Number of protein chains: 2
Amino acid sequence: MDNYPELVPTSEESSLLATVLGDRATGSSLVARIADWIGRAIVEGRLRPGDDLNSVDLSKRFQSSRTPVREALMLLEREGLVEITPRRRPRVALFTLKEVREIYQLRAALYALASELIVGHASDDGIASLWRCYETLDSAAERDDVDGYFWANVAFRDAEMDLCENTQLRRIIDSLRLRTMQLRHFSLSLPRRLERSNLDHRRLMQAYSDRDAALAAALNRSIVSEALHAIEAAWGQLERGIGHQETAP
Amino acid sequence: MDNYPELVPTSEESSLLATVLGDRATGSSLVARIADWIGRAIVEGRLRPGDDLNSVDLSKRFQSSRTPVREALMLLEREGLVEITPRRRPRVALFTLKEVREIYQLRAALYALASELIVGHASDDGIASLWRCYETLDSAAERDDVDGYFWANVAFRDAEMDLCENTQLRRIIDSLRLRTMQLRHFSLSLPRRLERSNLDHRRLMQAYSDRDAALAAALNRSIVSEALHAIEAAWGQLERGIGHQETAP
DNA sequence: TCCGGCATAAGTGTCGACATTATTAGCTGC
DNA sequence: GCAGCTAATAATGTCGACACTTATGCCGGA
């Protein structure tokens, strides 16, 4: 963590973080840029669970005072990426398997709702644009391109949220999604996960096209459940990979 | 708003706000106390939608500097109680019917999930304690005691969340609940709402006792839907009652 | 060699001040 | 009397400082 931060959003994630960090926060304010940088560092794994986030160092890094840094850290705490205990140094949040299970349970229920909403009031054009997202997904799957598939999947989920037209739902799902980014990327790299996920998404798209709300909801729920199962199965490996700092050398 | 604040939590809401404002925030920190006071003022209607929340006045009121006030306002913004636009005075959040619909849609789905979780892994003792909550609810209903019913209902929902054992779910539901406190109290005062709600809750309890997950989920979903319908029907009246500040004299 | 207690260093929460930006009041012209 | 502009007032975002708390490293004793 010696390199100096570029406070300019570049990657595809910028939009994701922007939604979650509050719609106002996009790029302009200092707090937003700091939160964005730290948040991305966490999601991308440059900062690992348990790492200290002391506001003095960070303020030096960003050449600002501690006030905006503190506010940024509080934002990220609300998103579950950072843990703040009074009078102690903030640190990158640690995962427990229990929390992960809870989050995936929630995501399952919320995506089911999303599917119902989509079938209920998305236009045919909307479904068509979702199909286009799926094409990208599918081609990445055929190339066995995990990174490509991952980002295509993010885009697919975004497109689904657009069709829901429920701002509150979007905010919550985005927040949960953000917290599990690392896990999701990891789980896709497990053997045969990618094919299975792709197949499920194809089934889901078919259900959307057929306007079968119950089936779409059930499929979406199942997609999330399966992802959870994959993560549970690989939890030990994962814990070492993402590396809770305390267990690292 | 001329009376000086008592920064000591007294009412039954204290626990509710505490959960939502972050578990650490309970009572101790200055930020927490300020957020709690402002939050309660909003929920209880002493501060009305659109009211200015300028940090100078508030810091005078709480005899603190603006820093903790700002942090408290940011907390409340995340909970949807306050709107903050850069370089503009924060104000009490305005409702739109669209947002209310979205929130109730979400609550419906989440309570359905909660019911499934409860049936899935609550002990018989847990169900029994839920029955005791229901007794309070029922007796308030028989007395036509809207306030009593309202708070009994809050307690009932709390008890349900306890049984779910899903911290993430609880946090989200509590947050959504907080935002709609005023609406829910109002909707219960509509004619025949109270009886209907009570009846629904009894049916729900029966389903819990029968361990019928699908029925419980459907009933809980329906309870929320009905509340929404009641609110939609009375929206005009409600808007005047709660009073978006701009339309008030 | 390792453990517990103490002094020092580092970090947090809060404060009051400042430059910058919004809002308001007053004034001009129609 | 009212719209449009300008000056003055007020509020914001950020800063650096301070008191107090927590972490760090050092020391003697087993």
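Each chain gets a letter, A, B and so on, in the order its sequence line appears, and its residues count up from 1. Predicted model only: the values in this text are computed from it and were never measured.
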Next on the checklist: Whole angstroms only, please: what is the CG-P distance between N54(A) and dG13(C)?
Outcome noted: 11 Å
Next on the checklist: Would you say that I34(B) contacts I38(B) through its side chain, given a criterion of any heavy-atom pair below 4.5 Å between the two side chains?
Outcome noted: yes
Item to check | Side-chain donor-acceptor contact under 3.5 Å, R179(B) with Q168(A) | outcome: yes
Checklist entry - What integer distance in Å separates K60(B):NZ from dA10(D):C1'? => result 10 Å
Next on the checklist: Under 4.0 Å, counting only non-hydrogen atoms across every strand here, what does R70(A) touch: a base, just sugar-phosphate, or nothing?
Outcome noted: base
Checklist entry - Between atom CG in D52(B) and atom P in dA22(C), what is the gap in whole Å? => result 15 Å
Checklist entry - Atom CG of L30(A) to atom P of dA19(C): distance rounded to whole Å? => result 19 Å
Checklist outcome for this item: Separation of dT22(D) atom C1' from R91(A) atom CZ, nearest Å, is 14 Å
Next on the checklist: Quick check with a 6.0 Å cut-off and a 45 degree axis cone: is R61(B) positioned over the face of W37(B)'s six-membered ring?
Outcome noted: no
Item to check | All side-chain contact (heavy atoms from CB on, under 4.5 Å) counterparts of R132(B), not counting sequence neighbours | outcome: A128(B), S129(B)
Checklist entry - dT12(D) phosphate, OP1 or OP2: any side-chain N/O from S55(B) under 4.0 angstrom? => result yes
Item to check | Any R87(B) side-chain nitrogen or oxygen under 4.0 Å from OP1 or OP2 of dT20(C) | outcome: no
Next on the checklist: Whether R66(A) contacts dG13(D) is assessed here as follows: a side-chain N or O lying under 4.0 Å from the phosphate OP1 or OP2. Is that the case?
Outcome noted: no
Next on the checklist: Need to verify one output field. Residue with the more 5' nearest nucleotide on DNA chain C, R88(A) or T67(A)?
Outcome noted: R88(A)
